[in-house]
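Letters go in sequence order (proteins before strands), and every chain restarts at 1.
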Amino acid sequence: MKKEVIMAKDIEFVVKQIADTVLKNEAYFSELDGVCGDGDFGYSLARGFEKVLAEWDNMDHSTPGNFLKKVAQVIMSAVGGVSGTIWGTMFLRVGVKLGNKTEITREDAIELLHVAIDAIKQRGSCDLGDKTYLDALIPTVDALEKAFAEGKDTAEALEIAAKVAAESAEATRSLVAKKGRAAYTGERSIGTLDAGSVAVAKIFEDLAIAWKEN
Amino acid sequence: MKKEVIMAKDIEFVVKQIADTVLKNEAYFSELDGVCGDGDFGYSLARGFEKVLAEWDNMDHSTPGNFLKKVAQVIMSAVGGVSGTIWGTMFLRVGVKLGNKTEITREDAIELLHVAIDAIKQRGSCDLGDKTYLDALIPTVDALEKAFAEGKDTAEALEIAAKVAAESAEATRSLVAKKGRAAYTGERSIGTLDAGSVAVAKIFEDLAIAWKEN
Amino acid sequence: MKKFCNDPKNYVPDMLKGIALANQDKLKYIPDYNLIMRADIPQPNKVSIMQGSGSGHEPAHVMIVGKGMLDAACPGNVFAAPPPDYVYQTTKLIAGPMGVLHLLNNYTGDTMSFDTGRELAEAEGIEVRTVVINDDVAVKDSTYTVGRRGVAGNFFVIKAVGAASERGATLEELEKLGNRVVSVTRTFGVALTGCTPPAKGTPIFTLEEDEMEMGIGIHGEPGRKRVKIQPADKIIDEVFAIVADDLPYKAGDEVALMINGMGGTPISELYILYGHAHELAEKRGLKIKRHYVGEYCTSLEMAGFSLTLVKLDPELEDLLAAPAEAAIHIF
Amino acid sequence: MKKFCNDPKNYVPDMLKGIALANQDKLKYIPDYNLIMRADIPQPNKVSIMQGSGSGHEPAHVMIVGKGMLDAACPGNVFAAPPPDYVYQTTKLIAGPMGVLHLLNNYTGDTMSFDTGRELAEAEGIEVRTVVINDDVAVKDSTYTVGRRGVAGNFFVIKAVGAASERGATLEELEKLGNRVVSVTRTFGVALTGCTPPAKGTPIFTLEEDEMEMGIGIHGEPGRKRVKIQPADKIIDEVFAIVADDLPYKAGDEVALMINGMGGTPISELYILYGHAHELAEKRGLKIKRHYVGEYCTSLEMAGFSLTLVKLDPELEDLLAAPAEAAIHIF
Ligand SMILES: Nc1ncnc2c1ncn2[C@@H]1O[C@H](COP(=O)(O)OP(=O)(O)O)[C@@H](O)[C@H]1O
Ligand SMILES: Nc1ncnc2c1ncn2[C@@H]1O[C@H](COP(=O)(O)OP(=O)(O)O)[C@@H](O)[C@H]1O
Ligand SMILES: [Mg+2]
Ligand SMILES: [Mg+2]
Ligand SMILES: [Mg+2]
Ligand SMILES: [Mg+2]
């Protein structure tokens, strides 16, 4: 695996990118959630990341770990529903895992992504195939890991991961929702996209482009 | 004026004709009332005459006067709103006026129609130009009287009256409603037909045809 | 037409049956006259109070029959005043030695039916007095002889005379009291949608996606003007001024403030409207002693609201606060 | 979107402001956590009771805070469970020596937020117990691990534990009582229309002019099946059987029967539905001891209703009959 060290500013850059993607897609994400869910997904996430951006300058930027823990707090205080807890827990646990580190390797990055995946699994008591974030996130992280292992540079690896994310999100159409509100529609959820998975795909897509330009 | 005597059975025939017209036009009359009123005119009248027909055989048929008083009672017990009282009062007063008569002349008929007009005027404290029944009924009765005076036979006179009724109803478009619910819309009632006047027109139109066929 | 009903012609009787079944211990239902009355009426020491009106305004009036409120209601079909005969028969059934008070909202149809019904009852020696409610400031009194309509403000008249009658007030006192409440009550209504009388099957009027109607009555009659939809606070700015300027209500006045839903507007929106109305009332120096947010006088499923102000005095405030019962209840 | 609101993002705070202004003597409002709480809480001899849930279900839950009901409600945005932090902060603010009871409707989002909020509160030594309400028989329990939803039946849980807490019941007793009420409560909902969350601006789902949705939840989630619209009595035939067969409710059982409006259905229709449900209950030999017709747990302006049956015992009946107060009121 190529040595390429990710810095504090890169972590912050990623969070800002996520915020941009979420805000840009507010209406689209809500619309997706409306088909079999309750139509608040885009709105909820947007209000959370809006607040993250609003409090950005007042946040603790001493270490990536402290920064992410603060992001988690802001989200937990602003976002309700499944998303508030899921995203809050993800950022919190990744922040805790980072500890005082200020430089992280690409191996570290993959490990942190697995922390995020485990957070979703545990908090949401869900797994691959339940038609949640995981159905996009797990294949995407796998692809990223593989790309790193094959020696691709980060920009290139992200591009590959983004493609997998998009495909995986699209593939959620074939799944029956087993968790969250969409689960109540049972078989009728077949044929619809999972909002959370599409969000994962959009985030990686935008991130790949931004990373290249950066 | 030609001598042509109207009999008990003719009075009953007229009431039946009115009932037919009202039932046939239920939806249309309600629609007209819905433009500036509350959309119940056709429904209210229809429920009343439906009940008149349902109780027809049990009614007092001894004299036209007793018969019309019974019709009045049925309507007053079945129809609410302006129409219930107006139609009830009309039939009641005409019935009272008839007394024990069993044969009535054409002069009597005109007099009875004036009793009806006065009943509306008094009960509704309204007059020509207020956009009520009167705006069709008064010119129509005038035309009928004139036709009788000119020696036309009843069928012919009714045909002339029906034409005037239709024109008068159409002419209510230019009036501002000053009475009833439509009055609340003020100037906005200009351009719309008065439901009550259209009912008068339809009744005379159907009556003229039926009289000829009879 | 999307309604939970059976044969639309049975809309009113089916509803009345529901009310009667739910309240068998307290109410009597006489289908012949659409009559819902208290089972313990007439009483020797109490004037009996009734209101007619068309149906479609529920809870007014069939669901607010109860101790301290109406003693009877005999509605007509949806949006049609009761037939004169209902008024007459109901008056007879509830008449006690202290007489009967007729309350009616000022509409031509109701007035005609009640006049006729009253005449018939009086001919049998029943003493009847009438209070005509006309709180709707949307109708400009001077322009048409029909006068102002009676709308959601009727709740306050009913509540006040209902309480006073339980305390033994005479027919004459109740008539006076009723007229006094009317004289200090003002209402204005706004609609976002029309409504569909069941028997008609189609909406009485329709509004575009971005339109609202200002000054509606409670029968789906179109209102004063049709304008582009505005933010809630802007709407309240206009409506509150129209209502408050009418009496007018002045700094230092003690008032009751009502935001009444028209049937299709959720209570969350009513509280959004209430919040700003409350602010404006305080800004004008009015002291809000009682507040009412919910559905009191509706137009079927119409999305809309009306705002009512009542100027209080200690007696009126006390009557409004007195205990009362009705078919509608929360707990 | 036809709604009385200002910036849709302020839908919830604007509504809460209205509730707070209307009830300054009895309620406290803390905007930071969408928190509406009784001003006289915590108390030394009373467990404090709170419920979260998303907004858009009013009067549940912010308008049923009051003596004998909830001590606090901290809703999220429309149809979104409250953020975990609201749950935590609210729990801290209302905690007295007897602890805090969390009530929540069984939805993933609510469960997650309350779990997290409870963990944080317990870490500070506050004793918390949780009752999860899941009365919706539309969801087939076995199929999905998420389990049944909590819908309008939550009113009975709140009313019962609220009354018991006023009488000094311990946290453990309340938890038991709450679960007991849940175990005898069943609900099923039907919609004629979808509803439009203000921030979304378009309906969550739309139904054709002749369609209805059977088995809806309270968040505009589509239901069990979409069918042609039926006469009211036919709908009740089906819904009543689904609900009554579920526990099942048997001849001789004493019950409470609720017809709950979803926000856009007028109370006239609710009584039409009630009437036939009452007939069917009697036919089955159920004794209706208490009835509830009105809006208890809504989905914004959705046209629809739900039917709830609760099997009563003398203790539960007594708790339901106990006096209570709430922001929503009639008189
Ligand atoms: N139990 C769960 N665990 C993890 N993610 C979930 C779970 N249930 C649903 N999701 C994800 O959350 C998304 C919906 O989020 P959101 O709209 O905030 O939830 P809700 O409105 O149900 O509270 C879904 O598209 C899905 O990807
Ligand atoms: N004061 C009145 N006197 C006589 N006729 C009237 C009066 N007001 C309205 N009308 C007539 O009655 C018709 C409406 O009748 P209806 O719908 O039964 O009345 P409402 O619904 O107002 O009780 C109007 O089209 C008009 O012709
Ligand atoms: Mg959602
Ligand atoms: Mg009419
Ligand atoms: Mg009418
Ligand atoms: Mg949600």
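In plain terms, the two heavy atoms of Ser44(A) and Ala80(D) that are nearest each other are OG-CB, 3.9 Å. Closest non-hydrogen pair, Phe79(D) versus Asp40(A), comes out as O-OD2, 3.1 Å. Pairing each heavy atom of Arg47(A) with each of Asn77(D), the nearest pair is CG-ND2, 4.4 Å. Scanning all heavy atoms of the two residues, the minimum distance from Ile204(D) to Gly37(A) falls at CG2-O, 4.0 Å.
Other residues, nucleotides and ligands contribute over 12 non-hydrogen atoms within 6.0 Å of the NZ atom of Lys51(A). Heavy-atom neighbours of Asp32(D) CG from other residues, nucleotides or ligands within 6.0 Å: above the threshold of 12.
Residues of residues 101-110 of chain D having a heavy atom under 4.5 Å from any heavy atom of chain A, listed by number: Asn106(D), Tyr107(D), Thr108(D), Gly109(D).
Interface remark: Gln73(A) contributes no atoms to any contact with chain D (heavy atom separation under 4.5 Å).
Each of Ala138(D), Ser299(D), Pro75(D), Ser113(D) has some count of heavy-atom pairs under 4.5 Å with chain A, and the biggest count is that of Ser113(D). The most heavy-atom pairs under 4.5 Å with chain D, out of Ala182(A), Ala27(A), Gly39(A), come from Gly39(A).
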Give the intermediate values and the outcome of side-chain contact (heavy atoms from CB on, under 4.5 Å) for residues Tyr88(D) and Met76(A).
CA-CA 10 Å; Tyr88(D) 164 57; Met76(A) 289 235 215; over 6 Å; no
Under the side-chain contact (heavy atoms from CB on, under 4.5 Å) criterion, do Met112(D) and Thr89(A) qualify, and how do the steps go?
CA-CA 10 Å; Met112(D) 285 187 185; Thr89(A) 310; over 6 Å; no
Less than 3.5 Å apart, which donor and acceptor atoms pair up between the side chains of residues 194-203 of chain D and the rest of the protein, not counting sequence neighbours?
from: Lys200(D); atom 1: NZ; to: Thr202(D); atom 2: OG1; distance (Å): 3.4
from: Lys200(D); atom 1: NZ; to: Pro203(D); atom 2: O; distance (Å): 3.3

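Contact of the Pro84(D) side chain with the Thr85(A) side chain is registered, since non-hydrogen atoms from C-beta on lie closer than 4.5 Å.
Interatomic distance, Tyr33(D) OH to Ser77(A) OG, rounded to the nearest 0.5 Å: 8.5 Å.
Qualifying side chain to side chain donor-acceptor pair (under 3.5 Å) partners for Glu119(D), counting only residues two or more places apart in sequence or in other chains: none.
In this structure, Glu213(D) pairs ionically with Arg188(A), as a charged nitrogen and a carboxylate oxygen lie closer than 4.0 Å.
Judged as a salt bridge (charged side-chain N to carboxylate O under 4.0 Å, His left out), not a single pair has a partner in residues 64-88 of chain A (not counting sequence neighbours).
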